[in-house]
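Only one structure is covered here, and it is reproduced in the block below.
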Amino acid sequence: MRLIGMLGGMSWESTAEYYRLANELVRERLGGLASARVLIHSVDFSEVERMQASGDWAAAGALLADAAAGLEAGGAELLLLCTNTMHKVAEPIVAATTIPLLHIADVTAGAVRAAGLSRVGLLATGYTMEQGFLRDRLARHGLTVLVPASEDRSLVHRVIYDELCLGIVTEESRQAYRGVIDRLVGAGAEGIILGCTEIELLIGQADSPVPVFPTTRLHVEAAVAASLA
């Protein structure tokens, strides 16, 4: 089993999901007491969030590139960046390492295409919905990506940072997200990408009239498959 290096802590709630899913999937594949071989570098999210808010993506990229190099030095054979938003700085991470980084957009696009869909709505942080780093990569796989209207984007972003990243899950926010999904479907979305790790703590397939694509689970499934190949 190849050692998976996880770049986490953004937020730690989502990284806990990555770790849980990896171990559950390995146990399902191998049975018994089998668990995933994982090495985690968990950063201080308050530091990263300040860099996001100030637009200092170069500093964030340098921070994560250094962490990734440390994971490789520790024996990691495959890298997972346990956040959608920070895939904005995937390039410096790749440049700082020689082991493969499994890109979350490629994995997600593969699942959407395998389902026979091409027009999807994206729920994510404001950075991910409004900037092109994830949407453009999804588009390279032939997908048309819809994002919510401005007011809905603000709602989705606020719930992520003010609630989900703090471990707060409410029925009120679940209902609000359902409304956002319904409006995306009304605009033509055939499926919904849950493009932020914490969103999967709030909503799932039961909350959407069209297929949902949970990026965290898809990302971990691909990593476990690669680890066991």
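Hydrogens, waters and symmetry mates play no part in the numbers below; they use all other heavy atoms, side chains included. Positions are given from 1, in the same order as the sequence printed here.
- A donor-acceptor pair is defined here as one N or O able to donate and one able to accept, closer than 3.5 Å; such a pair exists between the side chain of R37 and the backbone of M1.
- The shortest non-hydrogen separation linking E198 to S11 is OE2-OG, 2.6 Å.
- In this structure, R174 CZ and L202 CG are separated by 5.0 Å, a value rounded to the nearest 0.5 Å.
- E172 and T170 form no side-chain donor-acceptor contact under 3.5 Å, judged by distance and modelled atom types alone.
- Judged by distance alone, the side chain of S227 and the main-chain N or O of R2 form a donor-acceptor pair under 3.5 Å.
- Taking a 6.0 Å sphere around CZ of R158, one finds it holds more than 12 heavy atoms contributed by other residues, nucleotides or ligands.
- Not one N or O on the side chain of H141 forms a donor-acceptor pair closer than 3.5 Å with the backbone of L143.
- No side-chain donor-acceptor contact under 3.5 Å links T216 and E17.
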>> Applying side-chain contact (heavy atoms from CB on, under 4.5 Å) to H103 and R137, what does each step give before you reach the verdict?
In response: CA-CA 10 Å; H103 201 290; R137 187 141 180 159; 3.4 Å; yes
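- Hydrophobic clustering places L63 together with L101 (ILVMFWY residues linked when any side-chain heavy atoms are closer than 4.5 Å, directly or through intermediates).
- For the 3.5 Å distance criterion, the side chains of D56 and S54 fail to qualify, holding no donor opposite an acceptor.
- Atom CG in L218 sits 12.5 Å away from atom CG in D106 (nearest 0.5 Å).
- Rounding to the nearest 0.5 Å places CG of L155 at 12.0 Å from CZ of R153.
- A side-chain donor from one of T215 and N84 sits under 3.5 Å from a side-chain acceptor of the other.
- Across all non-hydrogen atoms, the minimal contact from S173 to E163 is OG-OE1, 2.7 Å.
- Taking CD of E28 as the start and CD of E221 as the end, the distance is 8.5 Å to the nearest 0.5 Å.
- Taking each heavy atom of G195 and T128 in turn, the nearest pair found is O-CG2, 4.4 Å.
- One finds the SG atom of C165 at 7.0 Å from the CD1 atom of I160 (value rounded to the nearest 0.5 Å).
- Applying the ring-ring contact (aromatic ring centres under 6.0 Å, His included) definition to pairs two or more places apart or across chains, those involving residues 154-198 are Y127-H157, H157-Y161.
- A continuous path of hydrophobic side-chain contacts links L102 to F213 [ILVMFWY only; heavy atoms under 4.5 Å].
- At most 12 heavy atoms of other shown residues, nucleotides or ligands fall within 6.0 angstrom of atom CD in E91.
- Side-chain contact check for T85 and Q52: no donor-acceptor pair (N or O, by modelled atom type) lies under 3.5 Å.
- Cluster annotation: V94 is connected to L39 through the hydrophobic network of ILVMFWY side chains, with a link wherever side-chain heavy atoms come within less than 4.5 Å.
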> Passes side-chain contact (heavy atoms from CB on, under 4.5 Å), M10 versus C82? Steps please.
Replying inline: CA-CA 7 Å; M10 299 162 283; C82 303; over 6 Å; no
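- Relative ring orientation between W57 and F133 is described as tilted, the plane-to-plane angle lying within the 30° to 60° band.
- A donor-acceptor pair is defined here as one N or O able to donate and one able to accept, closer than 3.5 Å; such a pair exists between the side chain of R135 and the backbone of E130.
- For the pair S208 and I192, the tightest heavy-atom approach, listed with the atom from each and the gap, is OG-CG1, 4.1 Å.
- In summary, of the residues considered (V26, N23, L21), a side-chain contact (heavy atoms from CB on, under 4.5 Å) with V224 occurs for V26 alone.
- L81 CG to M86 CE: the interatomic distance, rounded to the nearest 0.5 Å, is 7.5 Å.
- T197 and T83 are not linked by any side-chain donor-acceptor pair at a separation below 3.5 angstrom, with hydrogens and angles left out of the test.
- V38 and L3 make their closest contact through N-CD1, 3.6 Å (heavy atoms, listed as atom of the first residue, atom of the second, distance).
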>> What verdict does the side-chain contact (heavy atoms from CB on, under 4.5 Å) test give for V220 and E24, after you've listed the backbone C-alpha separation in whole Å, the side-chain angles of each residue and the deciding distance to 0.1 Å?
In response: CA-CA 10 Å; V220 178; E24 288 181 353; over 6 Å; no
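- Q205 places a side-chain N or O within 3.5 Å of a backbone atom of V212 that can act as its donor or acceptor partner.
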>> Between L138 and I193, is the side-chain contact (heavy atoms from CB on, under 4.5 Å) condition met? List the steps.
In response: CA-CA 11 Å; L138 292 167; I193 292 175; 3.9 Å; yes
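- For the residue pair E190 and V210, the shortest heavy atom distance occurs at O-CB, 3.3 Å.
- In summary, of the residues considered (I181, L122, V180), a side-chain contact (heavy atoms from CB on, under 4.5 Å) with P148 occurs for V180 alone.
- Linking Ile, Leu, Val, Met, Phe, Trp and Tyr whenever their side-chain heavy atoms come within less than 4.5 Å puts L134 and V107 in one cluster.
- Using a distance-only test at 3.5 Å, with no hydrogens or angles considered, a donor-acceptor pair links the side chain of T97 to the main chain of I93.
- Counting heavy atoms from C-beta outward, M6 and H41 have side chains that stay 4.5 Å or more apart.
- Note on L78: it clusters hydrophobically with L228, by side-chain heavy-atom contacts below 4.5 Å among ILVMFWY residues.
- Side chain of E72 to backbone of G5: no donor-acceptor contact under 3.5 angstrom is found.
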